[in-house]
Amino acid sequence: MADSQIVTRFAPSPTGYLHIGGGRTALFNWLFARGRGGKFLLRIEDTDRERSTPEATAAILQGLTWLGLDWDGEVVSQFDRAPRHAEVAHEMLTRGTAYKCFSTAAEIEAFREAEKARGVSYPVFLSPWRDADPITYPDAPYVIRMKAPRTGETLIDDKVQGTVTIQNATLDDMIVLRSDGTPTYMLAVVVDDHDMGVTHVIRGDDHLNNAARQQMVYDAMGWAVPVWAHIPLIHGPDGKKLSKRHGATGVHDYQAMGYPAAGMRNYLTRLGWAHGDAEIFTTDEAKKIFDLEGIGRSPARLDFKKLENVCGHHIAMMPDAALLQELQGYLAAAGRSALTEGQYDLLAKALYCVKDRAKTFPELIEKARFALTSRPIVPDEAAAKALDSVSRGILKSLTPRLQNVSWTKDALESILNDVAAENGIGFGKLAQPLRAALAGRSATPSVFDMMLVIGQDETIARLKEASA
RNA sequence: GGCCCGUUCGUCUAUCGGUUAGGACAUCUGGUUUUCAACCAGGCAAGAGGGGUUCGACUCCCCUACGGGCUGCCA
C-alpha cells in the first residue's frame, strides 16, 4: 500500500571498500524493507569530491551485490543533487529558518581558540549575523546557517536507543550551505531522505547526535521526521572498534576467505539482533522475522568461530547448483585458478559427500581434493605413514578383486569387509591406507563415496600407483 | 574537557519486577563412527561496582568504573 509503504536506504560514502559494519547496516535496511513489501534505496554520499572515487563506488556496489542485497531504482548520487540542496537552503532563508552568515572560517577558528584558552571546553559559535539587518550585509562570500533553537531540548525518538534528549544550547547554528554554494552533509542527507521518501533511517549510532541537528532541518522545512533507528557499531574480537588492525574489515575480505553469502547474511543478521532463540535461518525467514525491536543497544564483537559454524550450516543446506556457482565466485575472488570442466563435473558428483563437512569454500575444496586432484597422488605426511609396506601389500591384493565387480556401494562394502577380515584387521585399518591412496590425505569422505565418485578405473589406477 | 549512548556465561544473545537466569558458538567429558565433519548425552560458565525505589530487582532511578560515539564551510 502506497500510503504506508516502508522505504529504507543505505547511504555510504565512496571513500573505500564496503566495510563489514556498513554491510550489516545495509543488510538491516534491506531486511526491514524487503520483509514488509517496502523499498530499499541506495544513495552514494559523494559530496566530498576530494575523497570520493568511482572505484570506491564500484567496490561498494560489488560488495552489496555479493551479499545479495539488491536495491530499488537507480543509485542516487548525492553530488548530482547539489542544486536541489542549494534550493532548499534558500527556501529556508525565505522561511526565516536560516540566515546568511559572513563570518569567515578564520574568524571562527580564532573564536574557538580564544574560548579554549579561556577554559571553555565546548565553544559554541554564535554567529553575529543571526539577527542582523540585511542592510548591513557586506558584499562578501557567506554561508547559510540554520537558525537553530537556542533554548529547550530536542527529543529523538529512536527505535533502538529509546528517547534521546539533546540540549539545544549545545548545538550551534550549523552551516547548511558552504560559501562556495555546495551543501553540507547535514543538509544533503535530510533533503535527499525527504525527496526519496525515506520513512525509516537505520544507520550506525555514530549518527545519533547528528539526528538532533537533522531533525531541526526537517522541522525548519515542515517535513515529516522519519523513524530513527541507530544501531551500535561492530567491534573486533578484542572489543575495540573494528579497524584494519583486526584484519578483515571489508566484505570482500569475507568473500575471499570463502564464506558463503547466505551464511554471512545469517551471521550478520544475528550480530546485534535477536528473535528469541532463532539462530540458523534462511534469508527468506530472516525477512519475515526481522524487526527493529530485536536490535540490541550495545556493540557486538565479531566471532569467527560462530561465523564458521553458521556458514557450515548454510553450505550443507545450499542446493548443489547454487553452491557450485558461488564456489566459482569464491575462486575468482580469492585469485585461485578456476575449475576445469572435468573438475567441475567431478566436484558436482562429489558434492553430496563433502558439502556437510565443510564450513568454508576452501575447506570444501580440501575435502573434495580426492575428486579434484589427478594422478600422481602425492600423500601428505599422515597419509604417507598409513601407506606402510604391510598396507601396500593389502592394497595390492585388493586391486585385482576390484576388476570384476559391479561398482556399487554394497558390492564394494562386501569386498572391503572381506579383505579386512582375511587380513585379520578391522575395517578402520583398511580404510586409512585406502584414503591415503585415493586422496593422499588421512581425513576424507567415506572411502566408498570416494570410490563411487572417481569411478572404477581411476580407483584401480590410484591403488596400483600407491601400492607399487 | 563537554554532551550523547552502552555494560547478562569467553563470544552472540533471551528475559520486557517474582525464572533452578534460557538458547547458540566456543570449550570439556562420554557415546556413535570408517578418518574428518556431523550427530547424541552431559558438564563448566553470566547480570561491572556501589547506593536507592519496592513485599520482591538483571529488569526502574542515581553515582562510579569501563567501553563507544559526537563535538568541522568531512561524510
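These figures come from a predicted structure and were not determined experimentally. Protein chains get the first letters and strands the later ones, always in sequence-line order, with residue 1 at the start of each.
- The side chain of A/N209 approaches B/rG69 more closely than any other nucleotide in the set B/rG69, B/rA75, B/rC73.
- Residue A/A105 is classed as a base contact, given a heavy-atom separation below 4.0 Å to a base.
- When each of B/rC5, B/rA75, B/rC4 is scored by its nearest atom to the side-chain atoms of A/Q161, the top-ranked nucleotide is B/rC5.
- Near RNA chain B, defined here as any heavy-atom distance below 4.0 Å, the residues from residues 44-63 of chain A are A/E45, A/T47, A/D48, A/R51, listed numerically.
- Among the heavy atoms of the strands lying under 4.0 Å from A/I175 is at least one base atom, whether or not backbone atoms are also near.
- Base pairing annotation: B/rC3 forms a Watson-Crick or G-U wobble pair with B/rG69, both donor-acceptor distances under 3.5 Å.
- The residue A/S179 sits close to a base: some heavy atom pair falls under 4.0 Å.
- Contacts of A/G272 with the nucleic acid, taken as non-hydrogen atoms under 4.0 Å apart, involve only primed sugar atoms and P, OP1 or OP2.
- Comparing the C1' positions of B/rA46 and B/rG52 gives an interatomic distance of 24 Å, to the nearest angstrom.
- B/rC25 is paired with B/rG10 under the criterion used here, namely a Watson-Crick or G-U wobble arrangement in which both key atom distances are under 3.5 Å.
- For A/R297, whose side chain is taken as the heavy atoms from C-beta onward, the closest listed nucleotide among B/rG6, B/rC5, B/rC73 is B/rG6.
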For this session: Could you run through nucleotides 19-38 of chain B and give me one letter per nucleotide, 5' to 3': B if any protein heavy atom sits under 4.0 Å from the base, S if only the sugar-phosphate is that close, - if neither?
Result: ---BBBSS-------BBBSS

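- Here B/rA45 sits opposite no nucleotide as a Watson-Crick or G-U wobble pair (both hydrogen-bonding atom distances under 3.5 Å).
- Distance from the side chain of A/D206 is smallest to B/rG69 among B/rG69, B/rA75, B/rC5.
- Within 4.0 Å (heavy atoms only), A/M186 reaches at least one base atom of the nucleic acid.
- In this structure B/rC55 sits in a base pair with B/rG18, meeting the Watson-Crick or G-U test at under 3.5 Å.
- Remark: nothing in residues 24-32 of chain A comes within less than 4.0 Å of RNA chain B through any heavy atom.
- Checking side-chain atoms of A/T154 against main-chain N and O of A/I166 turns up no donor-acceptor pair under 3.5 Å.
- At a threshold of 4.0 angstrom between heavy atoms, the contacts of A/S103 include nucleobase atoms, whether or not backbone atoms are also involved.
- A/H207 comes within 4.0 angstrom of a base, heavy atoms only.
- Within the nucleic acid shown, A/R203 has no heavy atom closer than 4.0 Å to any nucleic acid atom.
- The side chain of A/R301 has B/rC12 as its nearest neighbour among B/rA75, B/rC12, B/rC5.
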